[in-house]
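If you're wondering where the values come from, they're calculated on a predicted model, not measured in any experiment.
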Amino acid sequence: MRFENDNGALVFYHQGEQVRIEAWGSDALRVRSTMQSAFSGNRWALTEPVKQETAPAQITIAKEPHWVGDGSYDQREIATIANGRIRAVVNFAGIITFYRDDTLLLREYFRSYDGTLSRESRCLKVVNRTWKGIIGGSEYSLNVKFESNREEKLFGMGQYQQRDMDLKGCVLELAQRNSQISVPFAVSSLGYGFLWNNPAVGRVTFGKNYTEWIARSTREMDYWITAADTPKQILANYTAATGRAGEFPEDLMGLWQCKLRYRTQAEVLEVARRYQAEGIKIDQIVIDFFHWTVQGDWKFDKTYWPDPKAMVDELHAMGIKVLVSVWPSVDRKSENFGPMMEQGLLIRTERGAAQTYDYQGDCVEIDVFNPRAREYVWGVCKRNYYDYGIDAFWLDNSEPDFGVYDFEQYRYAAGPALAVSSLYPQLYSRVFYDPMYQEGRRPVANLLRCAWAGSQKYGNVVWSGDVPSTFEALADQIQCGLNMGLAGIPWWTTDVGGFMTDDVNDPDFRELLVRWYQFAVYSAVLRMHGDRGPYNIPPLDERDWGGGYLHTGQPNELWSYGEDVYAILRHYYDIRIDLHDYIKSLYDEASENGSPLIRAMFYEFPEDSACWELQDQYMFGPRCLVAPILQLHQRERQVYLPAGAWRLTSTGEVFQGGSG
């Protein structure tokens with residue numbers, strides 16, 4: 001083992017591996033390793049300028065005696081690097097241990113004979129970092145293990161559709177899917193945050209016996225760790241390194257109106273005029289998919305959208321912004337397929353036919369890792385949407401949604417999908433964010449179905465995907481939103497009522513819709529959307545393409561579910577509007593320190609041990625405690641109140657906290 005101080009970074013070499021540990025932001029360290037001759041220079045999520053601390057990182061390299069088992073000792077080098085409150089110690093076998101002040105936080109896992117008789121000196125031949133070369137390529141599969149603390153709780157990591165908010169004991173795929181969002185940043189109850197700074201497809205297991213991170217194809221290990229006393233400070237450190245959400249448009253903090261799908265210009269205007277007549281201000285109306293001719297044309301079907309600019313002008317006159325759906329899929333029938341395929345602007349397949357997506361067409365999706373592809377798509381969308389006055393873009397299928405999630409089948413300009421695929425949604429968002437920002441239309445707020453670490457800085461409003469219309473799914477979305485916030489994504493929302501509904505006339509669904517809407521009022525974005533059955537509305541024409549052939553769902557406006565439901569939704573709409581100034585302060589805080597709008601209870605009350613156990617209630621900012629109803633026909637529930645005085649908003653009654 002050989003240690004070096006390389007201009008303030010601790011570097012060591014071990015069995016062909018080069019490892020580099022360096023200060024990276026406040027109370028944080030970045031750890032990289034490679035079997036290559038040099039590091040790539042990729043920063044991945046760590047895009048922000050590194051804050052220079054008052055005191056540089058402290059590095060010490062010393063020799064310590066180690067018992068070798070025969071009654072004698074020899075001298076072995078160990079090294080330490082400290083940055084503020086975090087310190088890493090590397091022993092002679094290359095095992096890294098992290099401390100906050102003098103408290104052990106995390107240690108790499110090692111169960112192999114290392115020349116001593118310590119507890120880790122076993123004959124299992126399990127080491128802390130395992131590289132396995134991929135035959136025929138320059139990438140490796142990588143396995144990194146850490147010791148597990150059974151008392152630890154882990155949160156964040158993005159959005160996984162499951163019951164458990166505490167991720168201890170969970171196995172999580174590091175890959176993007178419809179309604180699954182991999183944002184590999186974890187917040188520990190022990191007082192640290194850990195970013196797996198690698199967009200490779202893989203897996204993390206937060207086991208009781210050890211934690212294991214796997215990248216199926218990569219050239220480098222790259223992770224970042226920070227230490228702090230509270231989750232709020234951990235998130236502040238993390239977002240200082242990866243970026244923070246910008247300013248949110250103040251005129252989008254009310255109601256967004258959407259359904260699957262408004263089929264014509266006339267339908268959109270009819271809905272907008274009705275809202276105006278009802279005295280309800282909607283901030284944005286959403287034009288969903290298949291308003292186009294074919295996928296990849298990225299333009300309105302003139303048969304049903306004869307004058308988009310006139311439509312946009314009228315909506316703007318009502319104070320309504322317009323958001324339009326754009327998919328990354330390009331049908332072979334599209335006018336853009338030939339040019340994009342010829343120029344290499346589409347995702348490539350490793351074997352067989354060139355197809356990545358097969359919903360309503362034979363499609364290949366755009367390669368957003370290619371800067372020329374990003375420029376091409378923006379050029380078309382600017383001409384066909386943006387220049388009409390369209391305000392924002394709904395970047396659906398942004399994972400991308402493959403026909404089959406067989407990641408080893410696809411290749412990008414940046415390399416195999418296995419090595420970089422998790423970064424796709426962030427780069428897809430930048431197809432639109434970068435030119436919109438540069439052209440001065442700010443602030444930017446586009447709607448996406450997926451994200452990765454750092455996506456928060458690119459104007460991403462992320463929604464939870466195509467989830468079922470069930471109370472179970474509603475409960476899942478609570479923990480999804482809280483963990484997304486803890487992963488640094490503050491602008492997060494859902495489809496009110498869930499996406500997939502069989503019968504809008506079912507009283508049970510209408511009750512679910514009300515409960516979901518009440519939850520959404522106390523979230524970052526209040527957005528009506530869903531695919532509403534039954535599907536008994538005939539298509540507009542008999543063509544098998546264009547804006548008229550695909551089905552539409554039932555009406556999904558506030559008044560669409562009967563007078564009783566309408567009265568409730570209208571009441572909570574008024575509450576949302578009354579909260580405008582408070583909501584703006586939450587968006588401002590997200591920009592200032594990375595705090596999410598919806599927050600786990602322990603985020604505001606980290607000293608209250610009971611708050612670390614709760615996932616069915618949350619804080620909407622620092623002042624509002626929200627306890628959603630999560631069961632059909634439920635009319636009351638238990639709520640835990642932390643210490644202090646709490647006022648029930650519906651009655652004004654005051655309760656003392658510290659009890660259920």
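Inter-residue side-chain proximity for Leu558 and Met528 is flagged as met; some heavy-atom pair is nearer than 4.5 Å. Using a 4.5 Å heavy-atom cutoff, the side chains of Asp476 and Val467 are not in contact. Here the side chains of Pro596 and Leu486 are not in contact, with every heavy-atom distance at 4.5 Å or above. Using a 4.5 Å cut-off on side-chain heavy atoms (C-beta onward), Leu252 and Val525 make no contact. At a threshold of 4.5 Å between non-hydrogen side-chain atoms, the residues Cys170 and Gln162 count as touching. Between Leu614 and Tyr640 there is a side-chain heavy-atom pair separated by less than 4.5 Å. Using a 4.5 Å heavy-atom threshold, the side chains of Leu630 and Arg515 count as separate. With contacts defined as side-chain heavy-atom distances shorter than 4.5 Å, the pair Tyr618/Val626 qualifies.
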Go through the steps for Tyr275 and Gln257 under the test side chain to side chain donor-acceptor pair (under 3.5 Å), then give the verdict.
CA-CA 10 Å; Tyr275 268 109; Gln257 178 58 47; 2.5 Å; yes

Could you walk me through whether Ser189 and Glu152 pass side chain to side chain donor-acceptor pair (under 3.5 Å), step by step?
CA-CA 6 Å; Ser189 61; Glu152 181 179 30; 5.7 Å; no

Salt bridge (charged side-chain N to carboxylate O under 4.0 Å, His left out) between Asp531 and Lys259, worked out
CA-CA 7 Å; Asp531 185 7; Lys259 62 165 281 187; over 6 Å; no

What do the steps show when you test Tyr223 against Arg32 for side chain to side chain donor-acceptor pair (under 3.5 Å), and what is the final call?
CA-CA 7 Å; Tyr223 64 81; Arg32 285 180 287 169; over 6 Å; no

CA sep, side-chain torsions, deciding dist, call: Asn460, Gln456, side chain to side chain donor-acceptor pair (under 3.5 Å):
CA-CA 6 Å; Asn460 288 191; Gln456 64 271 5; over 6 Å; no

Start with the C-alpha distance between Arg244 and Glu592, add both sets of side-chain angles, then the distance that settles salt bridge (charged side-chain N to carboxylate O under 4.0 Å, His left out), and finish with yes or no.
CA-CA 8 Å; Arg244 292 184 177 134; Glu592 293 162 3; over 6 Å; no

Begin from the C-alpha positions of Asp251 and Lys321 and carry the test salt bridge (charged side-chain N to carboxylate O under 4.0 Å, His left out) through to its verdict.
CA-CA 9 Å; Asp251 54 2; Lys321 290 189 173 181; 3.3 Å; yes

Begin from the C-alpha positions of Trp612 and Phe602 and carry the test ring-ring contact (aromatic ring centres under 6.0 Å, His included) through to its verdict.
CA-CA 5 Å; Trp612 290 86; Phe602 60 76; 4.0 Å; yes

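Judged as a salt bridge (Lys or Arg N to Asp or Glu O under 4.0 Å), and not counting sequence neighbours, the contacts of Asp166 are Lys153. Here Arg87 pairs with Asp102 under the salt bridge (Lys or Arg N to Asp or Glu O under 4.0 Å) rule; sequence neighbours left out. Residues satisfying the side chain to side chain contact (heavy atoms under 4.5 Å, CB included) criterion with Pro371, sequence neighbours excluded, are Arg374. Here Glu250 pairs with nothing under the salt bridge (Lys or Arg N to Asp or Glu O under 4.0 Å) rule; sequence neighbours left out. Checked against side-chain hydrogen bond (donor to acceptor under 3.5 Å, both in side chains), Ser422 has no partners two or more places apart in sequence or in another chain.
The aromatic rings of Trp224 and Phe185 are tilted relative to each other, their planes meeting at an angle between 30° and 60°. Between Phe369 and Tyr412, the ring planes lie tilted relative to each other; the angle falls in the 30° to 60° range. In this structure, Phe620 and Tyr582 have perpendicular ring planes: the angle between them is above 60°, well past the 30° mark.
Glu375 contributes no side-chain N or O that, together with a main-chain N or O of Val431, makes up a donor-acceptor pair within less than 3.5 Å. Looking only at distances, a side-chain donor or acceptor of Trp516 sits under 3.5 Å from a matching main-chain atom of Asp495. For Ser188 (side chain) and Gly193 (main-chain N/O), no donor-acceptor pair under 3.5 Å exists by modelled atom type. Under a 3.5 Å cut-off, the side chain of Glu247 and the backbone N or O of Asp588 do not form any donor-acceptor pair. Remark: the backbone N or O of Ala28 is paired with a side-chain donor or acceptor of Asn83 at under 3.5 angstrom. Panel note: side chain Gln615, backbone Met165; a donor-acceptor pair is recorded below 3.5 Å. No donor-acceptor distance shorter than 3.5 angstrom exists from the side chain of Ser398 to the backbone of Pro400, with no hydrogens or angles considered. For the pair Asn483 (side chain) and Gly156 (backbone), a donor-acceptor distance under 3.5 Å is present. Looking only at distances, no side-chain donor or acceptor of Thr205 sits under 3.5 Å from a matching main-chain atom of Val171. At distances below 3.5 Å, at least one donor-acceptor pair connects side-chain atoms of Asp608 with backbone N or O atoms of Ala610.
When only modelled atom types and interatomic distance are considered, Ser464 and Gln477 share a side-chain donor-acceptor pair under 3.5 Å. Residues Gln438 and Asp434 bring no donor and acceptor atom of their side chains to less than 3.5 Å of each other. Checked by atom type, the side-chain pair Tyr603/Ser595 shows a donor-acceptor distance below 3.5 Å.
How far CG of Leu29 is from CG of Asp27: 9.5 Å, rounded to the nearest 0.5 Å. For the atom pair CG of Leu526 and CG of Leu579, the computed distance is 11.0 Å after rounding to the nearest 0.5 Å. Taking OG1 of Thr470 as the start and CG of Leu474 as the end, the distance is 8.0 Å to the nearest 0.5 Å.
Cation-pi geometry between Arg599 and Phe605 is not met at under 6.0 angstrom from the ring centre and within 45 degrees of the axis. A cation-pi arrangement is found for Arg527 relative to Trp394, the charged atom lying closer than 6.0 Å to the ring centre and inside a 45° cone about the ring normal.
Using a 4.0 Å cut-off between charged nitrogen and carboxylate oxygen, Asp229 and Arg85 count as a salt-bridge pair. In summary, Asp222 and Arg30 engage in a salt bridge, as defined by a charged side-chain N under 4.0 Å from a carboxylate O. Between Lys281 and Asp283 a salt bridge is recorded (basic side-chain N to carboxylate O distance below 4.0 Å).
If you look at Trp298 and Tyr385, their ring centroids are not closer than 6.0 Å.
Atom CD of Glu439 has more than 12 neighbouring heavy atoms from other residues, nucleotides or ligands inside a 6.0 Å radius. Taking a 6.0 Å sphere around CZ of Arg576, one finds it holds more than 12 heavy atoms contributed by other residues, nucleotides or ligands. Within 6.0 Å of atom OH in Tyr437, 12 or fewer heavy atoms from other residues, nucleotides or ligands are found, so the atom counts as exposed in its surroundings.
Exactly one residue among Phe206, Phe98, Phe194, Trp196 makes a ring pair (Phe, Tyr, Trp, His ring centres under 6.0 Å) with Phe146. That residue is Phe194. The one candidate from Glu173, Gln161, Gln159 that meets the side-chain hydrogen bond (donor to acceptor under 3.5 Å, both in side chains) condition with Gln180 is Glu173.
Judged as a salt bridge (Lys or Arg N to Asp or Glu O under 4.0 Å), the pairs with a partner in residues 446-474 (not counting sequence neighbours) are, in order, Glu48-Lys457, Asp396-Arg449, Glu399-Arg449, Asp401-Arg449, Arg449-Asp466.
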